[in-house]
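Notes for the one structure printed next.
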There are 2 protein chains.
Amino acid sequence: MSAKEENTLPMGMFMDLERSGPIPLYFQVSQRIEKAILSGELPAGSRLENEVALGQRLGLSRPTVRRAIQEIVDKGLLVRRRGIGTQVVHGQVTRKVELTSLYDDLTNTHKVPSTHLLALETRVADAKTAERLGVAEGSPTLYIRRVRLADDVPVAVMENWLPEEFIGIEPNDLVAHGLYQVLRSRGVTMRVARQHIGARKSTNEESVLLEIEKNAALLTMDRTAFDNSGRAVEFGQHCYRPDLYSFEVTLVEK
Amino acid sequence: MSAKEENTLPMGMFMDLERSGPIPLYFQVSQRIEKAILSGELPAGSRLENEVALGQRLGLSRPTVRRAIQEIVDKGLLVRRRGIGTQVVHGQVTRKVELTSLYDDLTNTHKVPSTHLLALETRVADAKTAERLGVAEGSPTLYIRRVRLADDVPVAVMENWLPEEFIGIEPNDLVAHGLYQVLRSRGVTMRVARQHIGARKSTNEESVLLEIEKNAALLTMDRTAFDNSGRAVEFGQHCYRPDLYSFEVTLVEK
DNA sequence: CAGTGGTCTAGACCACCGA
DNA sequence: CGGTGGTCTAGACCACTGA
């Protein structure tokens, strides 16, 4: 009778799905279940109703319900065991690393972001840049260097290289909206990003820009991002003040 | 007639699927496609055969083929566009961060791992440990502190706390097999892990243990891992030599 | 317009688990 | 044994893309 483990909460009546709207049914269902977990309505360790029963109550087929649940399993909030059922994972929920820009991260935590633009110029691609962007060595690229600040405190120094077609981006847009927002407004959608996270000491110049002591420890991240056609659209080399920024990752074993 | 983009390689006859074995069909298919991408048989930018046609040629239903392709999309090797098709992402492939132990990482890169065991003892859970492991403050936990080496060069200092039930783990097993392997042999399967990656300066003791200069930059990672019932089974606080270790992450926008 | 992926259905059989 | 999730089928309709 231990209430913690056996607590089957079949979320009463809170389902009125929009069957003809543009939002997929599985997504509507997964969002509501996720909301119930995050709000504590489905506490850690509680069991979810089984897939068939849930499907019948909602008037959905089993594959649709299953996909909804799988979405949340992939986020690390639910755990499934064959023959047992689906349970809410213990442990407080943390935000996941997502394919977003630093700008988005900062606004999400209710800090006011701003930008000091250090460089915005055309540069010839060296070997490394050419390889990362998948362009010919020696071809022109757009080079950007910025300091990003949160509540007027410097957080990161960011260098970016973009393919030739983006030469012409306005400095004002970059300062006002952030790089990823500018790219989105030009019809570019990021799909895949490969990141490399490490650490090193700061250079003297970086220490000044970030307002930290000399030879301080820095968190570094290199990233190459690809759009929905698979072409590289951005290559970045960034370093962060580790007292103000870090990465969260949720891993799910398949 | 640009061979790069239009290169439809329908991978000739290399499909003889085992329909009655224990390996799922979608997995067999996804593995072969992935292999074809990694081997260069399907070069960057080439288009995959469409889902229905592929299903017919393989004698599989569309959902099964679709799931096989989706697996690879989630790994960041393929990109799908409605009305267009499925293409191989540009850019060289890198290994993904996975839910594995450091021990596994090192053996995969063909270095010989070893361990210096610094501590293996019972400790009372303080507030932080109790919260991370989901146990009562003051309850006994197993505390482990190790230096991990690759080819006899120190790479990381690792601290771990485990719930009461694991008290009794043998020092010899820990040195010979690594923590995750010991847990697996006790029937524990990791399912979800939440990691936090940052950076800081090394303490004097860490500098000695890792054979680096004082106040060097360190890469740090905290992790809480959960088993398939959703219970926390391990909480770790680790620091790495950034010249020998870093994290790779592949992000896929859904 | 024809072709593509995105979603959804209503079943089915199986493997694994606890009682 | 009954209940659970894991896999698979053979269709269907839709939204989006390019020519």
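In what follows, chains are A, B, ... by sequence order, proteins preceding strands, each numbered from 1. All values below come from the heavy atoms of this structure, side chains included, with hydrogens, waters and symmetry mates left out.
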ask   = Can you name the side chain to side chain donor-acceptor pair (under 3.5 Å) partners of A/Arg80, sequence neighbours left out?
value =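 A/Arg80 satisfies side chain to side chain donor-acceptor pair (under 3.5 Å) with A/Glu51, A/Gln70 only.
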message = Holding to side chain to side chain donor-acceptor pair (under 3.5 Å), I want the full list of residues that pass it with A/Arg123, two or more places apart in sequence or in another chain.
response =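 Counting only residues at least two positions away or on another chain, A/Arg123 forms a side chain to side chain donor-acceptor pair (under 3.5 Å) with A/Glu121.
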Nearest-nucleotide comparison on DNA chain D, the residue closer to the 5′ end among A/Thr86 and B/Arg19 =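 Of the two residues, A/Thr86 wins.
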Within-4.5 Å side-chain heavy-atom neighbours: [X] and [Y]:
X: B/Trp161; Y: B/Ile144; answer: no
X: A/Asp222; Y: A/Gln195; answer: no
X: B/Ser229; Y: A/Val79; answer: no
X: B/Leu162; Y: B/Leu179; answer: yes

query = Quick one, which residues of residues 59-66 of chain A touch DNA chain D with a heavy atom under 4.0 Å?
reply =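 Nucleic-acid contacts, sorted: A/Arg62, A/Arg66.
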key: Worked verdict on A/Glu159 versus A/Arg146 for salt bridge (charged side-chain N to carboxylate O under 4.0 Å, His left out)   = CA-CA 7 Å; A/Glu159 288 185 301; A/Arg146 299 167 288 167; over 6 Å; no
ask   = On the ring face of B/Phe226, is B/Arg191 found with NZ or CZ under 6.0 Å from the centre and within 45° of the axis?
value =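 Judged by the rule (NZ or CZ under 6.0 Å from the ring centre, within 45° of its axis), B/Arg191 is not positioned above B/Phe226.
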query = Does a side chain donor of either B/Gln237 or B/Arg223 reach within less than 3.5 Å of an acceptor in the other side chain?
reply =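 The criterion, which ignores hydrogens and geometry beyond distance, is not satisfied for B/Arg223 and B/Gln237.
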key: First and last nucleotide of DNA chain D, 5' to 3', lying under 4.0 Å from heavy atoms of chain A   =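 So the contact region on DNA chain D extends D/dG3 to D/dT7.
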Tabulate atom names and distances for all N/O pairs under 3.5 angstrom spanning the protein and nucleotides 14-19 of chain C.
{"residue": "C/dA15", "atom": "O4'", "partner": "A/Arg82", "partner atom": "NH1", "Å": "3.0"}

query = If you pin B/Gly85 and A/Leu25 to their nearest nucleotides in DNA chain C, which one's is more 5'?
reply =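 Its nearest nucleotide being more 5', the pick is B/Gly85.
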task = Go through the structure and list residues passing salt bridge (Lys or Arg N to Asp or Glu O under 4.0 Å) with A/Glu165, not counting sequence neighbours.
result =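 Only A/Arg231 meet the salt bridge (Lys or Arg N to Asp or Glu O under 4.0 Å) criterion with A/Glu165.
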inquiry  = Between P on C/dG3 and CG on B/Leu54, what's the gap in Å once rounded to a whole number?
reply    =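 Taking CG of B/Leu54 and P of C/dG3, I get 17 Å after rounding.
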